[in-house]
Participant: 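The structure that follows is given in the form of structure tokens.
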Amino acid sequence: MEECISVFDMLKIGVGPSSSHTLGPWRAAERFLEELKDEAILDNITRVKVDLYGSLSLTGKGHATDLAVMLGLSGQDPEYIPVEDIAGIIKKIETTNEINLGNQKVIPFFFLQDIVFNKDFLPFHANGLKFTAYKADDSEYESTFYSIGGGFVVKEERTNAKLKEVIKCAFPYPIQNAAELLNYTVSENKSISEIVYENEISMRPEAEVHSELMRIWNTMLECMYIGCHSEGILPGGLHVRRRAFDMHQNLIGLSNYNDPQSWLEEIRKTEVKFRQILKWVSCFALAVNEVNASLGRVVTAPTNGSSGVIPAVLMYYMVIENHDAGEKEIKQFLMVAGEIGSIFKKGSTISAAMGGCQAEIGVSSSMAAAALCELMGGTPAQVLMAAEIAMEHHLGLTCDPIGGLVQIPCIERNTMGAIKAINAAELALETDSKNAKVPLDKVINTMWETAKDMNSKYKETSEGGLAIAVNMADC
């Protein structure tokens, strides 16, 4: 069945380090609480147990899956919780052996016993988790969820399918693949961002579309700002030293600014030789993913592990390519990026547990390349070509995080994805789209076939590649 996916589904505000292993389980816990309330049994619950399966179990510790589940069960919202409060909430649960379920009912909770890591995989998806609530009369209520990437959470029976079908019918331009999108741009004589905008305003008021897109960008900008001004060691045991701080200091010198927007204006005044451009783009990407690795607030784009690519490329456009760029260009960029991401989700996967890192960095690079290409004056056909080029050169990329942490090689990979996105956009702009040999839909299908062929040890299990070649002791 076709899906209706908004830009705001693809670009979500949340907490790091992982959309599939942190944000997804957090949202699953919230949905479980909603079920308990709908069943009118929350007040009768005496204990809750959570079973993590497959990739969620194998790399859950490094991805803070257990912490996310506890925060979700506590009734905290990942989009709005003050990140500085997270440590205190977790510490209270661990020291009191109690959890305030849904922020309504305090029950015993022994996190070492009540969160169980099971290495076996559930058949529906690699990221499965089951919640069991025990009632006062000794009966149980169970519910199983799957975190399918990008913070999306489903149940195997897809109980929300009917609702999605209704929403889908509201779209003036329903889009399942790149060919349909291109056809709309031709028949309606509109750009890709214009097509996407018409779909978005069919679901929510124009003022809300505007404000939410700008909230996403401001979160990205603040994340880059925080990352460029934070030094020290990342948590988790790998002792990874933050690099964005030093790189930023070397690039900007003694510039005077006091907030993210004035910082952006100061960057526009800096030297823009090729090496400096490479360093700035890398610095922006590093900054975001260092914040992500520290359980900071980021925009899932389309995942947390790849959250640095799109901000870095959009920032590049604003501080290097077009100093006059403002809200119009920001919204245009985000809408194109979101639509390309949704096409990948429909035709393949954005879950590293299903497809390796091609599903995360590859997709984010493709999204950014397409968005940049439109801003640089590319035709819709060239925009889709840019997306295709970016993914074509990420095919087969594995996901093998050392120690299960979203740090090595994940942080650096965002810099590579951003640079490839810029390169792909430029190649597409210099190419007659009539001469394209590989349509975007073909490369999306190839990515999915590659994902199915990929050995499971290269799919976010930390059982292959760098994850076993380099161990925690080496670091």
Side-chain angles (χ1 to χ4, degrees), residues 6-20 22-24 26-27 64 68 71 76-86 150-152 200 204 207-230 244 248 257-265 267 281 283-319 325-339 341 350 360 364 367-368 371 406 411 414 417-418:
S6 165
V7 169
F8 303 109
D9 293 322
M10 298 306 304
L11 305 174
K12 303 191 216 33
I13 298 172
V15 173
S18 171
S19 50
S20 59
T22 316
L23 182 58
W26 194 325
R27 291 299 190 196
L71 290 164
Q76 304 297 327
D77 188 328
E79 190 168 345
Y80 296 102
I81 182 176
V83 292
E84 61 272 14
D85 291 352
I86 290 176
F152 288 90
E200 291 298 329
R204 49 182 60 85
E208 184 181 338
V209 172
H210 168 82
S211 63
E212 286 302 295
L213 286 172
M214 292 310 300
R215 188 164 73 96
I216 287 168
W217 164 244
N218 288 326
T219 302
M220 289 178 170
L221 180 60
E222 183 179 37
C223 185
M224 288 184 279
Y225 184 82
I226 291 170
C228 284
H229 296 84
S230 301
H248 175 259
Y257 54 87
N258 52 26
D259 58 43
Q261 187 58 42
S262 61
W263 172 62
L264 184 154
E265 297 296 341
I267 296 172
V281 174
C283 181
F284 299 144
L286 288 174
V288 171
N289 288 89
E290 287 172 357
V291 170
N292 181 63
S294 305
L295 275 75
R297 177 157 286 116
V298 300
V299 176
T300 301
T303 68
N304 283 32
S306 61
S307 57
V309 175
I310 286 171
V313 175
L314 179 49
M315 189 70 161
Y316 155 79
Y317 177 78
M318 296 188 70
V319 300
E327 293 185 355
K328 174 181 176 292
E329 290 79 11
I330 290 167
K331 293 187 290 183
Q332 189 178 350
F333 187 101
L334 295 176
M335 285 189 288
V336 174
E339 185 59 46
I350 57 169
E360 298 204 16
S364 63
M367 293 165 67
V406 192
I411 295 175
N414 280 264

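These figures come from a predicted structure and were not determined experimentally. Keep in mind that the numbers below use all heavy atoms, side chains included, and drop hydrogens, waters and symmetry copies.
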Participant: Arg297 side chain to Pro78 main-chain N or O, any donor-acceptor pair under 3.5 Å?
Facilitator: yes
Participant: Which atoms form the tightest heavy-atom contact between Gly305 and Asn289, and what is the distance?
Facilitator: O-ND2, 3.3 Å
Participant: Output yes when a side-chain donor or acceptor of Ser6 lies under 3.5 Å from a complementary backbone atom of Phe8, and no otherwise.
Facilitator: yes
Participant: Could you list the residues that satisfy side-chain contact (heavy atoms from CB on, under 4.5 Å) with Ala418, not counting sequence neighbours?
Facilitator: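 Applying side-chain contact (heavy atoms from CB on, under 4.5 Å) to Ala418 gives Val281, Val309, Ala312, Val313.
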Participant: Within the distance-only criterion (no hydrogens, no angle test), does the side chain of Ser211 pair as donor or acceptor with the backbone N or O of Glu208 below 3.5 angstrom?
Facilitator: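 The answer is yes, because a donor-acceptor pair under 3.5 Å joins these two groups.
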Participant: Taking Trp263 for its side chain and Leu221 for its backbone only, find out whether a donor-acceptor pair lies under 3.5 Å.
Facilitator: no
Participant: Taking atom CD1 of Ile310 and atom CE of Met315, what is their separation to the nearest 0.5 Å?
Facilitator: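 Result: 15.5 Å between the selected atoms.
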Participant: Once rounded to the nearest 0.5 Å, what's the spacing between atom CD1 of Ile216 and atom CG of Leu11?
Facilitator: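 CG of Leu11 is found 5.0 Å from CD1 of Ile216.
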Participant: Is Val406 close to Glu360 at the side-chain level, that is, under 4.5 Å between some pair of heavy atoms?
Facilitator: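 No; the side chains remain at least 4.5 Å from each other.
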Participant: Check Asp77 against Trp26 and note the closest heavy-atom contact, atom names and distance.
Facilitator: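 So the minimum-distance heavy-atom pair works out to C-CZ2, 4.1 Å.
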Participant: Could you list all the salt bridge (charged side-chain N to carboxylate O under 4.0 Å, His left out) pairs where at least one residue sits in residues 210-221, not counting sequence neighbours?
Facilitator: Glu79-Arg215, Glu212-Arg215
Participant: Report yes if the side chains of Ile411 and Leu286 come closer than 4.5 Å at any heavy-atom pair, otherwise no.
Facilitator: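 SC-SC contact between Ile411 and Leu286 confirmed.
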Participant: A side-chain contact here means heavy atoms from C-beta on lying under 4.5 Å apart; do Ile350 and Met10 qualify?
Facilitator: yes
Participant: Are the side chain of Lys331 and the backbone N or O of Lys328 linked by a donor-acceptor pair below 3.5 Å?
Facilitator: no
Participant: Specify the closest pair of heavy atoms between Val298 and Cys223, including all atoms of both residues, with the distance to one decimal.
Facilitator: CG1-SG, 3.7 Å
Participant: Hey, could you give me the CG/OG distance between Asn292 and Ser306, rounded to the nearest 0.5 Å?
Facilitator: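 If I round to the nearest 0.5 Å, the distance is 9.0 Å.
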Participant: Do Leu295 and Pro17 have side chains that get closer than 4.5 Å, going by heavy atoms?
Facilitator: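 Yes, their side chains come closer than 4.5 Å.
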Participant: List the atom of Pro311, the atom of Trp217, and the distance in Å for their closest heavy-atom pair.
Facilitator: O-CZ3, 4.4 Å
Participant: When rounded to the nearest 0.5 angstrom, what is the spacing between CG in Leu213 and CD in Gln332?
Facilitator: 11.5 Å
Participant: Whether the side chain of His248 engages the backbone of Ala244 through a donor-acceptor N/O pair (distance < 3.5 Å, no angle test) should be reported.
Facilitator: no
Participant: Please report the closest heavy-atom contact between Tyr317 and Ala325, naming both atoms and the distance.
Facilitator: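 In this case the closest contact between Tyr317 and Ala325 is CE2-CB, 3.7 Å.
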Participant: Are Phe333 and Met318 side-chain neighbours, meaning at least one heavy-atom pair lies under 4.5 Å?
Facilitator: no
Participant: Do Glu200 side-chain atoms and Val7 backbone N/O form a donor-acceptor pair below 3.5 Å?
Facilitator: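 Present.
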Participant: With Glu265, which residues qualify under side-chain contact (heavy atoms from CB on, under 4.5 Å), at least two apart?
Facilitator: Gln261, Arg268
Participant: Ignoring hydrogens and geometry, is there a side-chain-to-backbone donor-acceptor pair from Asn414 to Ala285 under 3.5 Å?
Facilitator: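 Not a single qualifying donor-acceptor pair exists.
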Participant: Let me confirm one number: the CG-OG distance from Asn304 to Ser20, rounded to the nearest 0.5 Å.
Facilitator: 8.0 Å
Participant: Are Pro302 and Met367 close enough that some pair of their side-chain heavy atoms sits under 4.5 Å apart?
Facilitator: yes
Participant: Which value, rounded to the nearest 0.5 Å, describes the distance between Arg27 atom CZ and Ser19 atom OG?
Facilitator: 12.0 Å
